[in-house]
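I have placed the structure first, in the form of structure tokens, so that the comments after it can refer back to it.
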Amino acid sequence: MPIIVQKFGGTSVADSKKILTAARKAIRAQMEGNQVVVVVSAMGQNTDLLIDLAKEITESPPAREMDMLLSTGEQVSVALMAMAIHSLGHKAISMTGAQIGIMTDSIHTKARIRSISTDRIRRALDDGNIVIAAGFQGIDEAFNITTLGRGGSDTTAVALAAVLKADSCEIYTDVDGVYTTDPRLMPEARRTGRISYDEMLELASAGAGVMHNRSIEFAKKFGVPVHVRSSFSDNPGTMITCDPEAPGLAVCGAAKAKNEARVTVLGVPDRPGAALTVFSTVAAKNIAMDMIVQNVGAQGHADISFTVLRDDLPATLTAVEEAARQLGAEGVSYDDNVSKISVVGLGMATQTGVAEKMFRSLAERGINILMITTSEIKISVLVARQHAQEALRTVHEAFQLHLTPPGADEIDGGISGLARGNNTAEIVARLERMEALIVEDITLDQSQARVTVIELPDMPGLAAQVFDEIAEAGIVVDMIVQSVGREGHANISFTVSQEDLPEALKVAHELADLLGCPPPTSCPKVAKLSVFGIGMKSHTSVAIRLFQSLAAAGINVDMISTSEVRVNVVVDGQHGQQALEALEKEFADARF
Ligand code: ADP
Ligand code: ASP
Ligand code: MG
């Protein structure tokens with residue numbers, strides 16, 4: 001019999017009436033001939049209330065006890081949901097994470113799933129029950145209750161769909177699908193009919209809270225088609241599968257991460273391993289770093305900037321101040337009034353001009369860009385928080401995201417565009433790895449050169465000007481990073497193909513003259529290494545391991561960009577092959 005997993009989020013089970021509505025959806029699916037597993041979140045804002053309660057008792061509650069507390073929210077909902085199904089005359093049984101057998105590691109409040117046993121669920125399903133599973137929780141080896149991180153019920157649902165080889169995984173929520181940006185922030189946002197795993201992953205980690213990013217890692221790894229739809233209507237929703245909505249679409253969505261903070265370690269000695277010291281002290285506290293930008297060193301010193309969630313700033317500063325002392329760096333600066341705006345799309349990997357368009361649109365509104373990082377399918381910029389909403393609207397308009405793209409095929413609520421292309425043996429092998437890091441490939445590109453323009457006046461429109469002129473010269477730019485410079489200056493580095501270097505340098509020199517900056521620097525032959533896979537960003541250790549292995553080989557990292565699906569680093573061209581070997585060795589355990 002086909003198996004369907006249905007997940008109901010907090011607002012979808014916020015009161016008894018809504019629980020009954022959800023119960024009817026589950027019963028309907030069962031009556032249509034499916035075995036049904038329902039995953040539920042805590043009712044309404046219950047998780048937030050529990051967190052507030054804990055904070056009333058102590059500023060820093062022990063993580064183990066936090067999990068004990070937070071898991072109760074889901075326990076309430078599963079019991080009520082099972083009762084609701086009983087009251088409607090059908091069989092149901094509720095189960096906690098532990099009762100299902102969701103085993104996790106012991107990282108409380110951010111636990112990862114290690115294994116799920118399906119025996120108990122299957123028996124209950126075969127007995128004619130609708131199984132109600134508590135979302136967001138598991139148990140570690142020592143029987144401690146763990147939780148998977150905020151929004152983690154999505155991950156429970158997709159993981160269960162994967163291990164049960166379910167035919168579909170339906171995520172019922174308070175919006176009727178995945179929009180081009182949060183429809184609560186921008187009413188003109190458009191519901192997409194379909195979005196690819198990679199795009200959804202990037203959007204989720206860039207701030208689109210509609211799906212927990214780790215749930216999409218599961219979906220991608222195991223080929224689970226995910227259907228996001230409304231709890232309160234029968235609208236068709238959005239399918240998350242392998243394919244994008246329309247072929248070649250440069251930008252499919254935009255997202256805002258409102259509460260970010262930028263940290264800069266100033267004057268770090270520019271030698272292999274220095275950046276590693278900074279990053280590993282932060283990672284040791286389980287803090288995820290995002291936009292990481294290292295200035296190409298001037299006079300033997302480099303500035304390293306990165307962003308973290310604003311809530312993580314105090315712990316981050318404690319960590320980096322210590323690292324800065326150890327390294328003999330000049331000091332640490334930060335800005336906790338910044339937001340990140342990102343655009344995402346598979347098509348930008350093969351199209352030029354996407355970054356320029358984004359920078360130009362922001363420049364036209366006088367919005368200053370504080371930092372830039374790009375990867376193949378995502379461009380992120382950091383702006384002052386007060387400009388974030390306008391910046392989001394600006395890029396949404398610039399890419400005309402409110403319009404249905406040509407070639408988009410509307411789905412009709414069924415599971416079209418199925419993701420299950422993978423062969424079964426491969427899926428079984430992947431299942432054993434659950435949430436473990438998977439490195440699919442490591443590549444070396446030796447065809448590029450780097451250009452760096454330093455001490456640019458930090459004002460709106462600069463990035464746009466630089467990349468407009470480069471584009472006008474017919475030059476295709478690959479990686480771009482812009483970092484906060486000193487005394488109101490910005491530094492921009494980018495890579496171009498080696499044959500375009502003379503022309504790119506000419507343009508850069510003209511610009512530098514015009515703007516009164518020092519002459520640009522360049523490296524005629526760089527090596528770009530890319531590590532692809534699943535969990536590249538949610539496993540905060542990836543960037544660290546990468547730095548570690550390159551530092552151990554005595555190789556300095558010039559540029560880095562991280563995304564959900566790949567980490568790119570640029571090193572001096574002469575070290576390309578050696579860097580590749582170092583990375584192959586470092587990630588041998590994760591190669592799949
Ligand atoms: P649930 O409790 O059902 O898990 P969430 O609050 O976690 O619901 O996720 C749904 C919310 O995600 C929506 O109410 C919406 O405000 C927000 N959201 C953010 N980005 C997007 C997007 N791109 N598309 C749809 N919803 C989004
Ligand atoms: N209840 C948890 C939260 O609010 C998990 C979830 O809803 O997905 O984060
Ligand atoms: Mg959610």
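Please read all numbers here as calculations on a predicted model, not as lab measurements. Whatever order the structure lists ligands and atoms in, that order sets their numbers, starting from 1.
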query = G151 near ligand 2, heavy-atom distance under 4.0 Å?
reply = yes
message = Heavy atom to atom 8 (O) of ligand 2, shortest distance: which of S77, S153, A42, G73 holds it?
response = S153
query = Side chain, backbone, both or neither: which part of H212 comes within less than 4.0 Å of ligand 2 when only heavy atoms are counted?
reply = neither
key: Side-chain H-bond candidate by donor/acceptor type, N235 with S230, under 3.5 Å   = no
request  = Compute whether any side-chain donor of one residue and acceptor of the other, for E170 and Y172, lie under 3.5 angstrom apart.
outcome  = yes
request  = Check step by step if salt bridge (Lys or Arg N to Asp or Glu O under 4.0 Å) holds for D234 and R28.
outcome  = CA-CA 13 Å; D234 281 328; R28 187 166 78 190; 3.6 Å; yes
ask   = Under the side-chain hydrogen bond (donor to acceptor under 3.5 Å, both in side chains) test, which residues partner S339, sequence neighbours left out?
value = none
key: Proximal atoms of ligand 2 relative to T47 (non-hydrogen, under 4.0 Å)   = 1 (N), 2 (C), 3 (C), 4 (O)
ask   = What distance separates D140 CG from R64 CZ, expressed to the nearest 0.5 Å?
value = 8.5 Å
query = Which of the numbered atoms in ligand 2 are below 4.0 angstrom from a heavy atom of S41?
reply = 6 (C), 7 (O), 8 (O)
query = When you check the side-chain N and O atoms of Q6 and K25, is any donor under 3.5 Å from an acceptor?
reply = no
inquiry  = Please determine whether side chain to side chain contact (heavy atoms under 4.5 Å, CB included) holds for the pair V39 and F8, giving the CA-CA distance in whole Å, both sets of side-chain angles, and the decisive distance to 0.1 Å.
reply    = CA-CA 6 Å; V39 175; F8 294 92; over 6 Å; no
ask   = Mind checking what residues have non-hydrogen atoms under 4.0 angstrom from ligand 1?
value = K7, G9, G10, T173, D174, V175, G177, V178, Y179, T181, D182, P183, R184, A208, G209, V210
task = Find all atoms of ligand 2 within a distance of less than 4.0 Å from any non-hydrogen atom belonging to R150, and give their numbers and elements.
result = 3 (C), 4 (O), 9 (O)
